[in-house]
There are 2 protein chains.
Amino acid sequence: MPRTLKLTIAYDGTDFHGWQIQPALPTIQGELERVLGEIEGHPVAIAGSGRTDAGVHALAQVASLRLVNPIPAANLRRAVNRLLPPSIRVLEVEEAAPDFHARYAARSKLYEYRLWRAEVCPPMMWRYVYHHPYPLDLAAMAETAPLLEGTHDFRSLASVDDSATEEESCVRTIFSSRLEVNRDLLYYRVRGSGFLHHMVRNIVGTLLEVGKGNLALADIPRILESGDRTQAGPTVPARGLFLVEVEY
Amino acid sequence: MPRTLKLTIAYDGTDFHGWQIQPALPTIQGELERVLGEIEGHPVAIAGSGRTDAGVHALAQVASLRLVNPIPAANLRRAVNRLLPPSIRVLEVEEAAPDFHARYAARSKLYEYRLWRAEVCPPMMWRYVYHHPYPLDLAAMAETAPLLEGTHDFRSLASVDDSATEEESCVRTIFSSRLEVNRDLLYYRVRGSGFLHHMVRNIVGTLLEVGKGNLALADIPRILESGDRTQAGPTVPARGLFLVEVEY
């Protein structure tokens with residue numbers, strides 16, 4: 001009987017074409033399935049809590065899989081990390097209930113977006129922030145961020161690909177949406193039941209429009225109601241985005 | 001009449017073959033000379049405070065050069081950073097005395113070596129630390145580090161290439177040599193009048209031998225006196241080393 005395992009994984013997304021496996025392209029899922037398949041001795045399928053796009057990072061992505069190999073969890077972690085590139089690390093391996101599935105069981109996710117405001121972006125930081133050395137009305141942005149909280153139809157903040165599939169619901173619940181400033185670093189943290197494709201990056205792009213004075217706080221309810229992607233701000237770069245936590 | 005400029009530069013050394021210009025290989029000096037030559041309109045020579053090896057990083061390397069172009073310092077910084085790769089950043093451009101030379105005028109340098117002790121090395125950190133998840137006697141290492149302070153012949157801690165040139169003096173003065181531990185990060189900081197090739201990495205390799213119990217505090221004076229490279233510890237990886245500051 002195979003056992004079910006829960007993996008907690010951190011990665012630097014810079015050099016990967018996102019989470020989801022793709023033929024002939026380096027992806028996080030692809031690397032994990034390659035390495036775990038090697039240990040198991042035949043192909044293994046890994047389910048992530050959700051996809052992350054090319055260039056997006058994770059501090060604690062969660063994935064589930066079934067394995068026949070009886071290797072103890074701590075040894076499995078060591079073996080997997082020895083075979084993975086250093087930009088992907090398995091932080092934890094835990095035995096899980098037989099029916100545990102990283103995607104279906106997820107209750108909420110926390111994302112963080114990092115923006116660097118000083119004129120010069122340190123060379124050790126450019127992979128992990130969006131460099132934006134231009135004036136912003138931070139007070140207006142901080143006041144606007146919580147307006148996204150609650151249960152809304154987020155169609156206007158999803159990538160157009162997604163809004164095209166009209167049948168699927170774009171209703172999601174955001175539990176917390178906050179902006180924080182620490183010297184030259186601006187953090188946007190959002191916890192929600194689930195996120196549409198590009199949703200966090202489009203929210204940040206919209207908050208930036210508020211910071212630049214192109215949109216006002218009062219525009220947010222209108223944008224949400226419109227269901228029209230063109231009303232919201234642009235998609236900010238992937239490199240500033242981190243999947244911080246998945247709650248079960 | 002050309003003006004003399006002092007540049008303060010940070011870089012992530014991971015993808016470069018060190019500071020010094022080499023034909024057909026990416027180097028820090030090579031990138032800077034390419035970009036400044038483009039701005040000046042003809043080739044420009046840049047003098048660094050010293051070379052850093054392949055993979056070594058800098059938080060504040062200093063370089064000097066002469067430029068005919070009258071562009072204001074702040075605009076030059078902006079123009080240079082626009083043309084450089086994001087892993088090299090000019091932090092400051094200052095007008096300097098006509099005879100200022102980054103190498104000859106340097107009075108001291110501060111280096112820092114970073115070692116990561118936990119079993120798993122975070123993916124955002126592997127470029128900037130030496131991952132060493134093995135037991136170490138930190139108290140013995142911390143007690144040993146200051147023994148390097150003072151004026152000594154450091155031949156036994158220089159790369160064999162350098163000790164081969166018997167005519168050159170290997171006498172240097174170390175003002176401060178200290179170990180510090182912050183949770184899973186071990187820092188070694190050393191400030192000195194100058195450093196021989198591989199000297200900081202060989203000192204750290206020697207301190208690690210003390211930490212493993214293969215050498216004792218009392219062996220340090222003997223190693224220094226021997227002038228014999230084989231008595232000291234191995235050269236630790238470049239990726240943990242940072243040039244932190246150059247004093248003038």
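All values below were derived from every heavy atom in this structure, side-chain atoms included, with hydrogens, water molecules and symmetry-related copies excluded. Each chain gets a letter, A, B and so on, in the order the sequences are listed, and its residues count up from 1. Source: prediction; values computed, not measured.
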Item to check | Among A:Ala10, A:Ser87, A:Pro86, residue most engaged with chain B (heavy-atom pairs, under 4.5 Å) | outcome: A:Pro86
Item to check | N-O pairing of A:Glu119 and B:Arg78 below 4.0 Å | outcome: yes
Checklist entry - Do B:Ser108 and B:Glu247 meet the criterion of a side-chain donor-acceptor pair at a distance under 3.5 Å? => result yes
Item to check | Among A:Thr8, A:Leu76, A:Leu32, side-chain contact (heavy atoms from CB on, under 4.5 Å) partner for A:Val90 | outcome: A:Leu32
Item to check | Residues from residues 38-75 of chain B approaching chain A under 4.5 Å (heavy atoms) | outcome: B:His57, B:Ala58, B:Leu59
Next on the checklist: Does this structure show an ion pair linking A:Lys109 with A:Glu245, if we count only N-O contacts that are shorter than 4.0 Å?
Outcome noted: no
Checklist entry - Would you call the rings of A:Tyr104 and A:His101 parallel, tilted or perpendicular, where under 30° means parallel and over 60° means perpendicular? => result parallel
Next on the checklist: Less than 3.5 Å apart, any donor N or O on the side chain of A:Ser159 or A:His198 sitting next to an acceptor on the other?
Outcome noted: no
Item to check | Leading residue by heavy atom contact count with chain A [cutoff under 4.5 Å; candidates B:Leu84, B:Thr14, B:Asp12] | outcome: B:Asp12
Checklist entry - Cationic tip of B:Arg114 within the cone over B:Phe242's six-membered ring, i.e. under 6.0 Å and within 45° of the normal? => result yes
